Protein chains: 2
Amino acid sequence: MGLTKSEIFTDQQNEISTFAKAFAHPARVAILQHLFNIDTCVCGDLVNEIGLAQPTISQHLKELKQLGLIKGNIEGTSVCYCINKENWAQMKDILSPFLNQDIIKKATCC
Amino acid sequence: MGLTKSEIFTDQQNEISTFAKAFAHPARVAILQHLFNIDTCVCGDLVNEIGLAQPTISQHLKELKQLGLIKGNIEGTSVCYCINKENWAQMKDILSPFLNQDIIKKATCC
DNA sequence: GATATTAATCGTAATATTGCAATGAACAAA
DNA sequence: TTTGTTCATTGCAATATTACGATTAATATC
């Protein structure tokens, strides 16, 4: 069927997987890293930086924007994309407890 | 088309996205959370805990095992799955710097 | 041996994702 | 107004992912 059964999972589990999905493609990782390292950024920059076609980059940017991890302002003919710091912090608040959880009990079986 | 161009990205970017992919499905998040909270765990347990069919759970477990995030020992008729603590720590060492990076410069555009 | 239990594997269907050529929309410069 | 630039959108093809019924493999129990 190929359709994730989101309704059987908790909101927290769905949130974690949704944010993880944002990072589940190296192009989006590269885009975010570049946005962190440069102050201002247009899409054309990213096309040169990353070796993918312009529509592909645009699509990845759209996904990141829909998730709220980046925001973009129109600047004349170009568009200025940057990290949405507030939402990035919120994302970390959701992912960090999951990544940093500890094992409560330890059985002998493994 | 439909094929991620891994070769144009750095090893680090590919590693981050590969681990993120492990968490990009709520069922795998739920499986990992359950393994953290219980000392020993068999596949049947997970089928009851999560509302997916046994082959589906088995497939998700296989992916997590291939990534090294969990390990499983055969215990008679059942299988004992648990978190691979060493590899989990290694995964955190790769993901944390990415999640915790700070913006170096801040332009006025956004 | 026969039967039951547990989990992996196979096969298949449905949906999602990735990538890009072609096109379109918006705006700046000539 | 025409031309060029920049990025979004559309449409499509190829691959990946998700899910599960049916089956198989392995082991325990009778």
Side-chain angles (χ1 to χ4, degrees), chain A residues 1-9 13-14 17-18 20-31 34-35 40-67 70-82 109-110, chain B residues 1-9 13-14 17-18 20-31 34-35 40-67 70-82 109-110:
Chain A
M1 325 216 168
L3 175 61
T4 297
K5 292 186 164 181
S6 306
E7 68 278 6
I8 67 171
F9 301 104
Q13 288 162 346
N14 282 314
S17 64
T18 300
K21 211 172 287 180
F23 309 137
H25 195 285
R28 290 192 291 270
V29 171
I31 287 171
H34 195 245
L35 287 181
T40 176
C41 194
V42 292
C43 180
D45 248 20
L46 288 165
V47 174
N48 295 331
E49 191 75 19
I50 304 165
L52 293 173
Q54 180 265 324
T56 309
I57 300 289
S58 191
Q59 191 177 312
H60 284 305
L61 285 169
K62 189 181 173 186
E63 286 169 47
L64 291 172
K65 199 176 178 182
Q66 275 174 341
L67 260 175
I70 64 173
K71 50 185 173 182
N73 290 342
I74 295 166
E75 296 269 323
T77 38
S78 66
V79 175
C80 170
Y81 275 111
C82 61
C109 68
C110 289
Chain B
M1 346 259 146
L3 175 61
T4 297
K5 290 186 163 180
S6 306
E7 69 279 6
I8 68 172
F9 301 104
Q13 288 162 347
N14 282 315
S17 64
T18 300
K21 212 171 286 181
F23 309 137
H25 194 286
R28 290 192 291 271
V29 171
I31 287 171
H34 194 245
L35 287 181
T40 176
C41 194
V42 291
C43 180
D45 248 20
L46 287 165
V47 174
N48 295 333
E49 190 76 19
I50 305 165
L52 293 172
Q54 181 266 323
T56 309
I57 299 288
S58 190
Q59 193 175 309
H60 284 305
L61 285 169
K62 189 182 174 185
E63 286 169 46
L64 291 172
K65 199 175 177 182
Q66 274 173 341
L67 260 175
I70 64 173
K71 50 185 173 182
N73 289 343
I74 296 166
E75 294 272 322
T77 37
S78 66
V79 176
C80 169
Y81 275 111
C82 61
C109 67
C110 291

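Chain letters run A, B, ... following the sequence lines, proteins first and then strands; every chain starts at 1. These numbers come from a predicted model, not from an experiment. When reading the values below, keep in mind they use all heavy atoms of this one structure, side chains included, and skip hydrogens, waters and symmetry mates.
- Residues A:Leu35 and A:Leu64 are not in side-chain contact: their nearest non-hydrogen atoms beyond the backbone lie 4.5 Å or more apart.
- Contact record, B:Asn14 with B:Phe9: ND2-O, 3.6 Å, taken as the closest heavy-atom pair.
- At whole-Å resolution of the value, CD1 in B:Ile8 and C1' in C:dT18 are 12 Å apart.
- Rounded to an integer number of Å, the gap from B:Ile31 CD1 to D:dT18 C1' is 13 Å.
- The side-chain heavy atoms of B:Leu61 and B:Val79, taken from C-beta on, include no pair separated by under 4.5 Å.
- Distances shown here put a side-chain N or O of A:His25 below 4.0 Å from the OP1 or OP2 atom of C:dG19.
- To the nearest angstrom, P of C:dT18 lies 8 Å from CD of A:Gln59.
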Nucleotides 3-7 of chain C: which of its N/O atoms have a protein N/O under 3.5 Å away?
from  : atom 1 : to      : atom 2 : distance (Å)
C:dA7 : OP1    : B:Cys43 : N      : 3.0
C:dA7 : OP1    : B:Gly44 : N      : 3.4
C:dA7 : OP2    : B:Gly44 : N      : 2.6

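- In this structure, the CG atom of B:Leu64 is 12 Å from the P atom of C:dA8, given to the nearest Å.
- Residues A:Leu67 and A:Ala22 come closest through the heavy atom pair CD1-CB, 3.3 Å.
- With rounding to whole Å, B:Lys21 atom NZ is found 10 Å from D:dT17 atom C1'.
- Taking atom CG of residue A:Asn73 and atom C1' of nucleotide C:dA26, one finds them 16 Å apart after rounding to whole Å.
- Proximity of A:Lys5 to the phosphate of D:dC20: a side-chain N or O atom is located under 4.0 Å from OP1 or OP2.
- B:Lys65 comes within 4.0 angstrom of no nucleic acid atom, judged by non-hydrogen atoms across all strands.
- Taking every side-chain heavy atom of A:Glu63 into account, C:dT18 is the closest of C:dT15, D:dT10, C:dT18.
- When each of B:His60 and A:Lys62 is assigned the nucleotide of DNA chain D with its nearest heavy atom, A:Lys62 is the one assigned upstream, toward the 5' end.
- Nearest-nucleotide assignment on DNA chain C puts the 5′-proximal partner with B:Ile57, out of B:Ile57 and A:Leu52.
- Between B:His25 and B:His60, the ring planes are tilted. Angles from 30° to 60° get that label.
- Every residue two or more places apart in sequence or in another chain was checked for a side-chain hydrogen bond (donor to acceptor under 3.5 Å, both in side chains) with B:Gln54, and none qualifies.
- Residue B:Thr56 places at least one side-chain N or O closer than 4.0 Å to OP1 or OP2 of D:dC20.
- Scanning all heavy atoms of the two residues, the minimum distance from B:His34 to B:Cys41 falls at ND1-SG, 3.8 Å.
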